[in-house]
Structures are given as structure tokens and as C-alpha cells.
Amino acid sequence: AAASTLGAAAAQSGRYFGTAIAAGRLNDSNYTTIAAREFNMVTAENEMKPDATEPQRGQFNFGSGDQIYNWATQRGMKVRGHTLAWHSQQPGWMQSLSGSSLRQAMIDHINGVMAHYKGKLAAWDVVNEAFNEDGSRRQSNLQATGNDWIEVAFRTARAADPSVKLCYNDYNIENATYGKTQGVLNMVKDFKSRGVPIDCVGLQTHFTGGSSLPGNFQTTLQNFASAGVDVALTEVDVTNASTTQYQGLTQACMNVSRCLGITVWGVRDSDSWRSSESPLLFDGSGNKKAAYTSVLNALN
Ligand code: XIL
């Protein structure tokens, strides 16, 4: 029988369907009603990022991250951790560090945050957005600490919580022939060949006018899977919620056994970081859009 919610429909094939949740919206009953009904995986939109969790060096704050974690798990939903090491949304003290002191601060940050959530999360986005469009490494204060910073982050994460899946997460890695996609795939293959722990790749799947659903998306997912990692679509939104793109991205995940699930980057269009593009599955009043039906049908 066809399931009537996104989460239940995804669960029929052992997958999940998630959303980004913002702590500041948890007192909006229209928002929480939809979120609790439709989804079975949650990502904190901002509340588990470095600036939120370690506002002062060595002083951790899990208040709003825990608010989301508790809201989700009290409703039987699982939680993805997002994110531990990123060039963006660093606290001010971290932005001003470099070299060995930044390297140590990154290690301490991973250890501090992962200790708090040890054994509780489905996955962590250990490293976020570390590549340029041409497949080279993005220049950042983290990259300047040495090219091995990504593998140090993953080794630190594995030791901090051996039970959680460790993911690399990025955008514009959906097209199999694109330089950035190949750069990330080559990193995964290198890590696998050298025993650097990595379990999954998150494809953010932000589709805009400039980067829409590529015809080879399923091939991309399969290429990562063949390299030995699970994949997930972690931050989906599509300009004007194109039904064909939403259907196609959902079908691609369904067709790849190692595609664990799909997360859309918000509940209603009005909740989106790209709200002017109306890119989500519910309109600002909480009504299901045509794209909702195309996703639900593909999951069913
Ligand atoms: C975005 C949030 O949605 C915004 O609220 C915030 O102002 C900036 O970050 N890639 C990511 C996400 O990995 O963390 C970003 O989230 C969107 C792009």
C-alpha cells in the first residue's frame, strides 16, 4: 500500500526522508505539525555548526542543538550532525587562528562536540565544502594548516565516536563529469586506499538556475557507492520546486542501494534560506505543493 507521508514512504525501502530544522521555529505549530508528520530525519540548520557550539574557545554551548535533538528524538526521528569543520560559520576566535594552533583548535572542536553527541546521531558531516569547482582544494584557513587537514578531521572523528557514520558533505558534486565531483570522488578513493575512515558522502543537491538536476545524477551516486561509501542527498532545494527535478532526484536515490535517504533544506518555502525561489515541498501556508506529490509518488 502506498504510504501517505514522505517519511513513511521512504521507510518502505529502508530509507529516510528528512528536513532541516531551525530551533527558532519550534514554537510555530504549523511548522512543527508538518515537520513531525512528514519527516523521520532531522538536521539542525545552524545550531550544530562551529559558531553555535563553541562560541568561545573551549566553552561549548549545546543549548539550541540539544533543543532540536530532543524535539526530534522525542518524536521518533533520527538526527544528522552538521557540521564539524567548515570554512564558513566559524566563531570569531577560530577565524583569527592559523597554522598549528588552528589545527589543534579543529581537533579540540571535533572532540568536544562529538563527545557531547556520542552514540546519539545517525551521521556527522565531519567536513563541509572543502573543494573548489575545478576539483582543487578550497583555500581557507583550514586548508592553510596543511593538505592533510581533512584526513586528520576524519581520524579524530572516528576516535571520538566509533559508532557514528562519518560523511564528507558538499554542493555542486551532483554531475559525474564535473571537476568538483571528480575531486571529491578521488579523495574518497584515496582515503579508502589508505585506510582513512570515511563512511558516506552527502550531496547537498541545491539546484538553482545555474545548476539543475544533471542527467547523470544516478551515475554520480553509483560512482561514490562503488568507491565504498554510502551516499545521501543532504540539503535539497530546487528553484521554483520543479516537479521533474524533484521526481528525478528522488528516483536517482531510490535506484542506488547505497543511497540512504533524502533531506530537504527546510519545511515551507517561507523557512528556506532561498525563500525568494520557493524551492521546497510546502508553500508558506504549509500546503503541499505539486513537487510534494512527485516526491511522494517516486518514494512509493
Ligand atoms: C545555511 C542556512 O540555511 C542559513 O540559515 C545560514 O544563514 C547559512 O547556512 N551549505 C550548507 C548549509 O552546508 O549549512 C548552509 O545552510 C547552506 C549551504
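Just follow the structure's listing: the first ligand is 1, and inside any ligand the first atom is 1. Hydrogens, waters and symmetry mates are skipped; everything else that's a heavy atom, side chains included, is used.
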Among Gln89, His82, Arg274, whose heavy atom sits nearest atom 8 (C) of ligand 1?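 It is Gln89 whose heavy atom sits nearest to atom 8 (C) of ligand 1.
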Heavy-atom nearest option to atom 12 (C) of ligand 1, drawn from His206, Gln204, Glu235: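 Selected option, by shortest heavy-atom distance: Glu235.
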List in chain and number order the residues that pass side chain to side chain contact (heavy atoms under 4.5 Å, CB included) with Gln222, two or more places apart in sequence or in another chain; answer none if no residue qualifies. Ala225, Ser226, Val256
Leu203 and Tyr178: same hydrophobic cluster, using ILVMFWY side-chain contacts below 4.5 Å? no
Where's the contact between Asp125 and ligand 1, heavy-atom distance under 4.0 Å: side chain, backbone, both or neither?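 For Asp125, no heavy atom sits under 4.0 Å from ligand 1.
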Residues forming a side-chain hydrogen bond (donor to acceptor under 3.5 Å, both in side chains) with Trp86, sequence neighbours excluded: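 If we apply the side-chain hydrogen bond (donor to acceptor under 3.5 Å, both in side chains) test to Trp86, skipping adjacent residues, the hits are Glu129.
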Thr208 side, atom OG1; Tyr171 side, atom OH - distance, nearest 0.5 Å: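 Reported value, rounded in 0.5 Å steps: 11.0 Å.
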When rounded to the nearest 0.5 angstrom, what distance separates CD in Gln56 from CH2 in Trp93? 9.0 Å
When you measure from [atom] to every protein heavy atom, which one gives the shortest distance, and what is it?
| atom | result |
| --- | --- |
| atom 15 (C) of ligand 1 | Lys49 NZ, 3.8 Å |
| atom 3 (O) of ligand 1 | Glu45 OE2, 2.4 Å |
| atom 5 (O) of ligand 1 | Asn46 ND2, 3.0 Å |

Under 4.0 Å from any heavy atom of Asn128, which atoms of ligand 1 are there? 11 (C), 13 (O)
Any heavy atom of Tyr171 closer to ligand 1 than 4.0 angstrom? no
Of the non-hydrogen atoms in Arg25 and Tyr31, which two are nearest, and what is the gap between them?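 For Arg25 versus Tyr31, the nearest heavy atoms are O-CD2, 3.3 Å.
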